[in-house]
Amino acid sequence: MSKLRGGSCAAACLRGGSRGAEAAHLIGAMLGRAVTGWVQRAFQSTSSAAAAAQSRLAVEDEHVTEPVQQECPVCSYNEWDPLEEVIVGRAENAHVPPFSVEVKANTYEKHWPFYEKHGAQSFPVDHLKKAVAEIEEMCNILQHEGVTVRRPEPIDWSVEYKTPDFTSTGMYAAMPRDILLIVGNEIIEAPMAWRARFFEYRAYRPLIKEYFRKGAKWTTAPKPTMANELYDQDYPIRTVQDRHKLAAEGRFVTTEYEPCFDAADFIRAGKDIFVQRSQVTNFMGIEWMRRHLAPEYKVHILSFEDPNPMHIDATFNIIGPGLVLSNPDRPCRQIEMFKKAGWTVVKPPTPLIPDDHPLWMSSKWLSMNVLMLDEKRVMVDANETTIQKMFENLGIKCIKVNIRHANSLGGGFHCWTSDVRRRGTLQSYFH
């Protein structure tokens, strides 16, 4: 399979070169019909200079369209094929985002004092050190399981930046799943929706450029201005009841002023990609993705009984061909389409994480935010014994890792990673 993928990447580059050659041939033929004898004589008299110029152009053209013969390093069609290479985020230098309207809409009231106190400052230092150590151990375990691990660049997120529309400080490069969507051999950079994450892509650019040079496709979605018009400045979110009512009405803190989305609101199953409208992903963003991926891929919108939708993978996590974890507290309104297709829908058990553990940016349901190493191996929280038993009953081996402090920054194993390469082919799992 890997040789076929490498061939397709090389062929794509070669096609670019052959199109250039065909165009040059056509233009040459047209010029040949148009030129007269005196032009031919002039050309002959300057043949040495022309030959030198042509040689320089050939070298430049060769530099631009040089085919990539090696295996393409980027190829991932779903969430469960055997994992070969992955990007793991960094907790280093992580900062609490300023407490702006879009952040307030995505966090529960009990955590608002934390944001009011620590906004635009570092997360608590001792907690952060423990999170860094946990992620380092996670990387070691992934490598032990045969997976190549790549990391984003460390960046100082405390630096204040200003655009014509807003001022903010940064946040982190902890969750590559939020910003990078891999579809086949294409890396899609999400535009994001939080102002504190406007420049987050910079931490991943060295890696993306490396992948691009080796044959991957690279697309950056339109960057939103994040002007005030993108956000409902009067979004009423004090109680859970308010949130349920607004979500049922289809009202979110992000408007349809311009496209925005986080990559983590999409989840892949071969030719079918599922997405939710959420606090950070609007319909314009979904439509941009639908047009971009058509006709080879179909983008389906799912909705859930969720008072605060943000990122799909702790609500609806596809873990195998015909197998999905569906959050029992946030039932999917379109679940029948999966059942009719013969899929097995599994409801994970209630998370065991204690109430007093700080989850400033997420819910307890990070227990189901797992990373499949292949169909029969899953990276799961070492403390979540009940979901481990569930996986064992499904015939899936648990790779147990403790990232409890890293959870506090807003993500589980799926969030903390972006699978760059999985060994598999593009297939349809809905017939």
Side-chain angles (χ1 to χ4, degrees), residues 94-121 155 157-173 175 178-179 188-203 220-266 275-289 291 301 303 306-311 360-362 410:
H95 272 60
V96 179
F99 198 38
S100 50
V101 63
E102 75 278 14
V103 175
K104 190 174 185 179
N106 281 274
T107 53
Y108 287 105
E109 186 178 5
K110 66 179 181 179
H111 295 309
W112 290 355
F114 172 83
Y115 284 91
E116 290 167 344
K117 179 180 179 181
H118 295 284
Q121 300 176 39
I155 285 180
W157 300 105
S158 68
V159 176
E160 185 177 86
Y161 50 84
K162 184 175 183 179
T163 80
D165 297 288
F166 68 90
T167 300
S168 184
T169 49
M171 190 167 141
Y172 54 35
M175 311 293 165
D178 296 358
I179 191 168
I188 301 174
E189 270 186 42
M192 313 303 287
W194 283 19
R195 288 169 167 174
R197 309 188 77 174
F198 190 84
F199 287 111
E200 194 166 316
Y201 67 87
R202 295 178 66 248
T220 301
K223 197 72 174 172
T225 62
M226 298 188 185
N228 287 340
E229 290 86 349
L230 180 59
Y231 310 104
D232 182 347
Q233 302 292 331
D234 299 316
Y235 193 70
I237 47 171
R238 182 154 293 278
T239 67
V240 173
Q241 290 74 21
D242 287 340
R243 293 171 183 266
H244 272 292
K245 182 174 182 292
L246 291 164
E249 294 170 355
R251 184 179 169 189
F252 304 91
V253 71
T254 47
T255 69
E256 298 297 330
Y257 176 71
E258 56 191 347
C260 67
F261 63 84
D262 282 11
D265 270 324
F266 294 80
V275 62
Q276 67 171 349
R277 175 44 165 117
S278 77
Q279 302 285 22
V280 292
T281 296
N282 63 12
F283 287 121
M284 285 187 75
I286 294 171
E287 178 61 15
W288 182 90
M289 186 69 84
R291 295 185 197 181
I301 298 177
S303 61
D306 184 356
N308 192 37
M310 178 183 175
H311 302 164
W360 302 303
M361 308 184 72
S362 57

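Excluded from the calculations below are hydrogen atoms, water molecules and symmetry mates; all remaining heavy atoms, backbone and side chain alike, are included.
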Write down the atom of Gln276, the atom of Pro309, and the distance for their closest heavy-atom approach.
OE1-CB, 3.7 Å
Measure the CE-SG distance between Met226 and Cys260 for me, rounded to the nearest 0.5 Å.
7.5 Å
If every non-hydrogen atom of Ala120 is compared with every non-hydrogen atom of His95, which pair is closest and at what distance?
O-CD2, 3.7 Å
Not counting sequence neighbours, which residues clear salt bridge (Lys or Arg N to Asp or Glu O under 4.0 Å) with Glu109? List them please.
Arg238
Using modelled atom types only, decide if a donor and an acceptor are shared between the side chain of Asp262 and the backbone of Ala190 within a distance under 3.5 Å.
no
Asn282 and Leu230, any side-chain heavy atoms less than 4.5 Å apart
yes
Donor-acceptor pair, distance only, cut-off 3.5 Å: does the side chain of Thr255 make one with the backbone of Glu229?
yes
Going through the checks in order, is the side-chain contact (heavy atoms from CB on, under 4.5 Å) test met by Phe252 and Gln279?
CA-CA 5 Å; Phe252 304 91; Gln279 302 285 22; 3.4 Å; yes
Going by heavy atoms in the side chains, are Thr169 and Pro98 under 4.5 Å from each other?
yes
Suppose we screen for salt bridge (Lys or Arg N to Asp or Glu O under 4.0 Å). Which residues come up paired with Glu249, at least two apart in sequence or across chains?
Lys245
Is any side-chain heavy atom of Glu102 closer than 4.5 Å to a side-chain heavy atom of Tyr235?
no
Taking all heavy atoms of Gln121 and all of Lys117, pick out the closest pair and write down the distance.
NE2-O, 3.2 Å
Are the side chain of Glu258 and the backbone N or O of Thr225 linked by a donor-acceptor pair below 3.5 Å?
yes
Contacts of Glu189 meeting salt bridge (Lys or Arg N to Asp or Glu O under 4.0 Å) (sequence neighbours excluded), chain-then-number -> Arg205
Are Arg251 and Asp232 close enough that some pair of their side-chain heavy atoms sits under 4.5 Å apart?
yes
Qualifying side-chain hydrogen bond (donor to acceptor under 3.5 Å, both in side chains) pairs with a residue from residues 158-167, counting only residues at least two apart or across chains:
Asp156-Ser158
Looking at Phe198, is its backbone amide N or carbonyl O close enough to the side chain of Lys223 to form a donor-acceptor pair, meaning the two atoms are under 3.5 Å apart?
yes
Glu256: which residues meet the side-chain hydrogen bond (donor to acceptor under 3.5 Å, both in side chains) condition with it, sequence neighbours left out?
Arg277
From Tyr108, Phe114, Tyr115, residue fulfilling ring pair (Phe, Tyr, Trp, His ring centres under 6.0 Å) relative to Trp360
Phe114
Between Trp157 and Glu200, is the side-chain contact (heavy atoms from CB on, under 4.5 Å) condition met? List the steps.
CA-CA 9 Å; Trp157 300 105; Glu200 194 166 316; 4.3 Å; yes
Under 4.5 Å between any side-chain heavy atoms of Met192 and Phe261, yes or no?
no
I'd like to check the salt bridge (Lys or Arg N to Asp or Glu O under 4.0 Å) partners of Arg202; sequence neighbours left out, ordered by chain and number.
none
Pair Thr281, Ile286 - check side-chain contact (heavy atoms from CB on, under 4.5 Å), show working.
CA-CA 7 Å; Thr281 296; Ile286 294 171; 3.7 Å; yes
Please identify which of these residues, Asp306, Asn308, Asn106, Asp265, meets the side chain to side chain contact (heavy atoms under 4.5 Å, CB included) condition with Ser278.
Asp265
Is there a side-chain contact (heavy atoms from CB on, under 4.5 Å) between Met175 and Met361? Walk through the geometry before answering.
CA-CA 12 Å; Met175 311 293 165; Met361 308 184 72; over 6 Å; no
Tyr231 versus Thr254: any side-chain heavy-atom pair under 4.5 Å?
yes
Tyr257 side chain to Asn228 backbone, donor-acceptor under 3.5 Å:
no
